[in-house]
J.: 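Structure provided below as structure tokens; questions to follow.
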Protein chains: 2
Amino acid sequence: MNIKDVQYFVKLTELKSYSDTAHFFSVSQPTITYAIKRMESEFDAELIIRKSYANSITLTPAGQQFLIHARKILRENNLIKKDLTRIKNDKLKMGFPPIISDYLIPQVFDQFKDRGLLSRIKPVRSGSKELLQQLYDGKIDISLLGTTSFPKAANFDFKIIKTHHFKIIASDQRKFNQPMSINELKNEDFLILDSSSVHQLIINGLIERYNVFTNVIYQTGDYKLLLDLVRQNKGISFIAETALQGEDGIQELEISDVDFPPFYLMLVYRASTRKGPVLQKVIDIFDSLGDETGD
Amino acid sequence: MNIKDVQYFVKLTELKSYSDTAHFFSVSQPTITYAIKRMESEFDAELIIRKSYANSITLTPAGQQFLIHARKILRENNLIKKDLTRIKNDKLKMGFPPIISDYLIPQVFDQFKDRGLLSRIKPVRSGSKELLQQLYDGKIDISLLGTTSFPKAANFDFKIIKTHHFKIIASDQRKFNQPMSINELKNEDFLILDSSSVHQLIINGLIERYNVFTNVIYQTGDYKLLLDLVRQNKGISFIAETALQGEDGIQELEISDVDFPPFYLMLVYRASTRKGPVLQKVIDIFDSLGDETGD
DNA sequence: TACAATTAATAAAAATAATTTATAGGTGAA
DNA sequence: TTCACCTATAAATTATTTTTATTAATTGTA
């Protein structure tokens with residue numbers, strides 16, 4: 001079996017047209033027909049139910065099963081390209097989510113510099129959710145991440161660097177009786193981080209369970225801006241304590257009746273990534289920082 | 001890239017000889033040389049460091065990384081064959097470990113019969129460890145399993161059917177002061193299940209931590225035989241309560257100072273297995289039996 | 001209902017790719 | 001230094017894939 005045929009097949013299931021698929025790969029239409037036939041005869045199973053009209057292609061059960069494995073094969077093939085390029089250039093593409101980076105980078109910068117890693121790492125800044133996807137796709141090789149649960153896919157190895165907690169925060173100008181109930185916050189204006197961060201997911205959970213934080217008046221991906229707005233008493237907010245280091249003018253509210261999930265600061269990489277010297281150094285540096293370990 | 005080339009590569013890393021690899025696949029030696037060269041030029045990376053003498057082949061870092069992905073590609077390729085054969089024959093190869101099967105099968109037999117599954121399932125009897133490997137390799141499609149921890153590889157979906165506990169057992173003829181300390185068993189003769197079962201692992205842990213059960217006088221894969229020997233007071237043993245249903249002449253000893261891990265009875269299958277009617281029915285039947293769920 | 005437009009399948013030819021045969025060149029051990 | 005054994009290369013052969021050209025099937029529409 002040829003990887004190219006697998007690519008033809010997967011694209012065909014997406015476009016549902018032999019002609020369009022052929023056009024997509026700049027080959028003639030019979031090329032696709034023969035490619036599918038080749039695989040059907042190799043595995044002695046009909047994969048596709050054909051009809052001679054537009055978008056009529058459906059998969060047989062065997063075809064559906066084949067598609068599952070085909071996607072995995074293409075992912076590995078793609079990771080080969082990405083991984084070998086990384087090894088050739090000896091450069092690691094590393095993800096840095098804003099909150100976690102601002103907190104951790106000062107703690108490791110000198111070590112990165114002393115071990116000659118600064119020129120070996122190409123940073124990619126984005127939200128944790130987006131970075132996890134990029135890691136899966138091979139677009140980056142390793143990433144810092146802030147999450148409330150461990151990566152499930154288990155294609156990932158991870159190391160917990162620190163366990164932090166979520167806080168509800170308000171301006172210092174406000175006075176509250178504490179500890180307080182979450183219900184006393186029902187009518188507060190609320191500022192939140194946008195969907196690039198994991199915060200939004202937690203908030204949605206809180207909204208559903210406690211019917212609070214319904215007055216969301218502003219949403220942003222910039223947590224520094226968020227903190228500024230809270231400081232200026234434009235509303236209250238919800239954020240990991242990671243973001244609150246050395247920030248003044250802001251108070252954390254003690255809520256007696258709600259437990260938030262933990263917020264893990266972790267280092268994640270694909271388990272299939274060979275640990276070369278650069279990757280190993282990065283892992284070691286964050287390892288020496290961490291207090292817990294996962295796998 | 002051709003799957004055949006990947007097979008050549010992986011075998012070459014195992015045999016460390018172009019000639020032997022060629023011989024293994026019944027092709028000429030230059031076929032292997034050219035196959036490797038093809039992939040090296042496709043990914044623009046040297047994979048193998050060649051020398052002109054025996055077993056001298058070593059992998060470059062790129063080659064090591066390539067090998068990791070190559071193995072995964074071959075596994076998927078192999079699973080395609082196995083899965084499509086299963087779909088064609090409409091028969092599920094299912095693993096049944098002895099202890100768990102004896103306990104669960106009576107509870108589901110009628111449902112299996114009523115839903116017409118008996119002729120659709122080809123049973124494979126073996127120990128849990130062996131069955132998990134067979135499941136990974138695609139030799140079976142689904143399996144009952146008795147384990148103390150969840151399958152890590154996450155290529156697996158699993159459903160907990162029941163959580164049981166391990167017991168230390170002795171013949172009814174013996175008298176013990178209970179609850180008792182594990183140390184009082186130091187000099188007892190001990191009968192154990194062999195390495196096909198998960199029991200041996202737990203026992204090894206106990207031996208290390210508590211320095212007990214050092215007098216292992218007999219070891220067997222047949223738990224019914226084990227129970228018979230305990231009943232006849234040939235020694236004490238350690239076994240999941242699953243095996244003790246309706247067995248008389250045997251007492252469970254209450255140990256006050258040791259906690260054993262839980263023993264999960266679970267149904268496991270590859271996450272990549274498409275859920276056809278037969279598989280879905282099997283899952284449903286055990287689902288209706290279970291009390292907890294995992295994923 | 002017939003016709004135009006579109007789609008996939010097939011046959012044969014052409015192009016490309018993989019394999020073999022034959023041979024050369026390198027390496028360690030005797 | 002020679003022998004035995006290994007991998008690389010060149011050229012020829014064989015096998016596979018793709019294309020071109022055409023046919024058959026199907027739908028929407030006049």
J.: Residues two or more places apart in sequence or in another chain: which of them pass side-chain hydrogen bond (donor to acceptor under 3.5 Å, both in side chains) with B:K139?
T.: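 Here no residue qualifies.
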J.: Can you tell me the distance, in whole Å, between the CD1 atom of A:I57 and the C1' atom of C:dT6?
T.: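 Checked: the CD1 to C1' distance equals 13 Å.
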J.: Given C:dT10, is OP1 or OP2 found less than 4.0 Å from the side-chain N or O atoms of A:K37?
T.: yes
J.: Looking at residues at least two apart in the chain, or sitting in another chain, which of them share a side-chain hydrogen bond (donor to acceptor under 3.5 Å, both in side chains) with B:Q7?
T.: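 None.
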J.: What residues, two or more places apart in sequence or in another chain, satisfy side-chain hydrogen bond (donor to acceptor under 3.5 Å, both in side chains) together with B:N89?
T.: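 By the side-chain hydrogen bond (donor to acceptor under 3.5 Å, both in side chains) rule, B:N89 matches no residue at all.
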J.: Quickly work out the A:I49 CD1 to C:dA9 P distance and round it to whole Å.
T.: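 Going from A:I49 (CD1) to C:dA9 (P), I get 13 Å.
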J.: If the sugar-phosphate is the primed atoms plus P, OP1 and OP2 and the base is the rest, what is the B/S/- string for nucleotides 11-23 of chain D, using protein heavy atoms under 4.0 Å?
T.: B-----SBBBB--
J.: Please report the distance, rounded to the nearest Å, between NE2 in B:H23 and C1' in D:dC6.
T.: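 From B:H23 NE2 to D:dC6 C1': 16 Å.
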J.: Measure from CG on B:L12 to C1' on D:dA8 and round the result to the nearest Å.
T.: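 Interatomic distance, CG of B:L12 to C1' of D:dA8: 14 Å.
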J.: Starting from C1' on D:dT7, measure out to CG on B:L15 and report it in whole angstrom.
T.: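 Distance, rounded to whole Å: 15 Å.
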J.: Side-chain N or O of B:S19 versus OP1/OP2 of D:dT7: is the shortest distance under 4.0 Å?
T.: yes
J.: Starting from P on D:dT9, measure out to CD1 on B:I36 and report it in whole angstrom.
T.: 14 Å
J.: Quick one: side-chain hydrogen bond (donor to acceptor under 3.5 Å, both in side chains) partners of B:R75, sequence neighbours excluded?
T.: none
J.: Run the side-chain donor-acceptor check on residues 21-29 of chain B: report pairs under 3.5 Å with partners two or more places apart or on a different chain.
T.:
from: B:T21; atom 1: OG1; to: B:S17; atom 2: O; distance (Å): 2.6
from: B:S28; atom 1: OG; to: B:T31; atom 2: OG1; distance (Å): 3.2
from: B:Q29; atom 1: NE2; to: B:T33; atom 2: OG1; distance (Å): 3.0

J.: Among A:K91, A:K275, A:R86, exactly one meets salt bridge (Lys or Arg N to Asp or Glu O under 4.0 Å) together with A:D141. Which residue is that?
T.: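 When salt bridge (Lys or Arg N to Asp or Glu O under 4.0 Å) is applied between A:D141 and each of A:K91, A:K275, A:R86, only A:R86 qualifies.
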J.: Please report, rounded to the nearest Å, how far the P atom of C:dA18 is from the CZ atom of B:F25.
T.: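 Rounded to the whole Å, the gap is 16 Å.
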J.: Please tell me which of the listed nucleotides, D:dT7, D:dT9, C:dT10, lies nearest to the side chain of B:R50?
T.: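 For B:R50, the side-chain atoms sit closest to D:dT7.
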